[in-house]
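Contents: one structure, followed by commentary.
Model, not experiment: these values are computed from the prediction. Just so we're on the same page: letters track the sequence lines, and every chain starts at 1.
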There are 2 protein chains.
Amino acid sequence: MDTFTALGEPTRRHILEILAGRNGTAATEIYGNFKATPPAISQHLKVLKAANLVRVEKRGQKRIYFVNPEPMKQLEKWVRRFAAIKEEQFQRLDSVLERMRLEDSNAPMLPFEQTDE
Amino acid sequence: MDTFTALGEPTRRHILEILAGRNGTAATEIYGNFKATPPAISQHLKVLKAANLVRVEKRGQKRIYFVNPEPMKQLEKWVRRFAAIKEEQFQRLDSVLERMRLEDSNAPMLPFEQTDE
DNA sequence: ATAGTATTTCACTATTGACTTAATTAAGCG
DNA sequence: CGCTTAATTAAGTCAATAGTGAAATACTAT
C-alpha cells in the first residue's frame, strides 16, 4: 500500500481535503488554493493518482479530479486495528509492572512476551 | 497532526505492527525485527513518540514501547470522511455531466473517460 | 494557421530524511 | 569501581523528494 507515502505530505492531504465533499474539481481550481506553482501541485496530483487516491477525468482541456474512496476504505481498516487498542490494556500492564517492581526488584524481563511473527 | 508524516515511513509502520496486540515491547526486541542498526530504529521510535503514536515506559535499563490509541482514533475519524464518499456521488456527477452535455451541444467530450495512470 | 488557455513534463536546485559509525548516557553486576 | 548491556545522541553521508522556471502538449477559439 503506497497510500501512506502519498498521505505523508501535507499539501497532498490538503488537496484531498479540497476534493472531499465536492463532485469533481478542475486542476486550475485546485491550484488556486495554494501559493505553490501549478507544476508543484500537478506533481502532487500525479503521486495521488499513482496511489490511486484520486482519479481524473478529461473534459475538454480540463482535468477534473475526484477522490477515490477504495484505498481510503482499506486505510480505515488498517487503522482500526490500532484504534481498537483499549486503555484498559495499559491499566492492566501498569498494575502488573507495579506489582513486579514491588515483589521482585531483580525481575529483569518483560511482563508479557508474546512473540507474534 | 503529525501522525501522517510518521506513518509515511514503512519501517515505522512495521514497528507499529509489531507493537500492536502486544502489551509492551522492549527496544531491543524491536531492533531484532530489522536488519537496520539499533540507532536507525531508535530514531524511528523517536519520531513515533513525537507524533504521540507510541509511549515509552522505563523499566530498569529497558525502554518498553506501547501503541498509543488516541491519535489512531483521530486518524480513523479523518479517513472515514473519505471512505464514506459514496458511489452515489459519482452517480450524481454522471447526471450533472449528462445535463451539461445536453445543454451545450458544443461540449465535445465524453462524460467518463477513465484515464487510469 | 495563430493565439490563448489548461495542464503537464523537463531539468535543475535545495531541502529533507533515513541510514551508518562512533561516542555518550544510564543501569545492573562482578 | 570497572565491565557489560540497553538505548540513545551526535555527526556525517547519500538518496529521495518538493519546489522552481522553462518548454512541451493538448485542446479551444478567432
Side-chain angles (χ1 to χ4, degrees), chain A residues 2 4-16 18-19 24-51 54-66 97 100-101 104-110 113, chain B residues 2-16 18-19 24-51 54-66 100-101 104-111 113 115-117:
Chain A
D2 191 43
F4 293 98
T5 318
L7 292 177
E9 219 285 330
T11 307
R12 286 196 286 267
R13 258 150 26 222
H14 192 197
I15 292 173
L16 287 171
I18 291 165
L19 297 185
T25 310
T28 340
E29 248 186 296
I30 299 172
Y31 299 163
N33 288 277
F34 300 91
K35 66 241 166 282
T37 60
I41 306 303
S42 182
Q43 280 163 148
H44 281 307
L45 286 168
K46 195 176 176 180
V47 173
L48 290 170
K49 213 164 35 180
V54 302
R55 67 185 199 89
V56 200
E57 192 178 306
K58 292 186 201 170
R59 177 155 176 83
Q61 50 187 122
K62 307 216 170 180
R63 305 292 152 92
I64 303 177
Y65 285 86
F66 304 85
L97 287 174
M100 290 181 78
R101 209 173 325 137
D104 179 17
S105 39
N106 262 5
M109 284 320 287
L110 294 168
E113 186 158 347
Chain B
D2 192 41
T3 308
F4 294 97
T5 317
L7 292 176
E9 219 286 328
T11 307
R12 285 196 287 266
R13 285 193 310 267
H14 192 198
I15 291 173
L16 288 171
I18 290 165
L19 296 185
T25 310
T28 341
E29 250 185 296
I30 299 172
Y31 298 164
N33 288 278
F34 300 91
K35 65 238 167 284
T37 58
I41 307 303
S42 182
Q43 277 161 56
H44 282 307
L45 286 168
K46 197 176 175 181
V47 173
L48 290 170
K49 212 165 36 180
V54 302
R55 68 186 197 90
V56 201
E57 193 177 304
K58 293 185 200 170
R59 176 154 176 81
Q61 51 186 143
K62 307 216 168 179
R63 304 292 153 92
I64 304 175
Y65 285 87
F66 304 85
M100 289 179 78
R101 189 150 28 103
D104 178 15
S105 42
N106 264 3
M109 287 317 291
L110 297 167
E113 181 164 343
T115 317
D116 200 90
E117 209 279 318

Spacing between [X] atom [atom1] and [N] atom [atom2], to the nearest angstrom:
{"X": "B/His14", "N": "C/dC19", "atom1": "NE2", "atom2": "P", "answer": "13 Å"}
{"X": "A/Phe34", "N": "D/dG19", "atom1": "CZ", "atom2": "P", "answer": "10 Å"}
{"X": "A/Gln43", "N": "C/dA11", "atom1": "CD", "atom2": "C1'", "answer": "11 Å"}
{"X": "A/Ile15", "N": "C/dT8", "atom1": "CD1", "atom2": "C1'", "answer": "14 Å"}
{"X": "A/Ile64", "N": "D/dC27", "atom1": "CD1", "atom2": "P", "answer": "15 Å"}
{"X": "A/Asp2", "N": "D/dT17", "atom1": "CG", "atom2": "C1'", "answer": "13 Å"}
{"X": "B/Lys58", "N": "C/dA27", "atom1": "NZ", "atom2": "P", "answer": "7 Å"}
{"X": "A/Ile41", "N": "C/dT9", "atom1": "CD1", "atom2": "P", "answer": "15 Å"}

Return no unless some side-chain N or O of [X] is found under 4.0 Å from OP1 or OP2 of [N].
{"X": "B/Thr37", "N": "C/dT20", "value": "yes"}
{"X": "B/His44", "N": "C/dC19", "value": "yes"}
{"X": "B/Thr5", "N": "C/dT16", "value": "no"}
{"X": "B/Tyr31", "N": "D/dT5", "value": "no"}
{"X": "B/Arg12", "N": "C/dA18", "value": "yes"}

Exercise. Side chain of B/Glu9: nearest nucleotide among C/dG28, C/dC19, D/dA18?
Worked result: C/dC19

Problem set entry | Whichever of A/Arg63 and A/Pro39 has its nearest DNA chain D nucleotide further upstream toward 5' | A/Pro39

If every non-hydrogen atom of [X] is compared with every non-hydrogen atom of [Y], which pair is closest and at what distance?
{"X": "A/Thr5", "Y": "A/Arg12", "value": "O-NH2, 3.4 Å"}
{"X": "B/His44", "Y": "B/Thr11", "value": "CD2-CG2, 3.7 Å"}
{"X": "B/Leu19", "Y": "B/Tyr65", "value": "CD2-O, 3.8 Å"}

Exercise. For the side chain of A/Gln61 and the base of D/dT28, is some donor closer than 3.5 Å to an acceptor across the two?
Worked result: no

For this session: To the nearest 0.5 angstrom, please state how far the CZ atom of B/Phe4 sits from the CZ atom of A/Arg13.
Result: 5.5 Å

Exercise. Touch check for B/Ala27, heavy atoms < 4.0 angstrom, all strands: base, sugar-phosphate only, or nothing?
Worked result: sugar-phosphate

Exercise. How is B/Tyr65 classified with respect to the nucleic acid when contacts are heavy atoms under 4.0 Å: base, sugar-phosphate, or nothing?
Worked result: sugar-phosphate

Exercise. Between B/Arg63 and B/Glu57, is any pair of side-chain heavy atoms under 4.5 Å apart?
Worked result: no

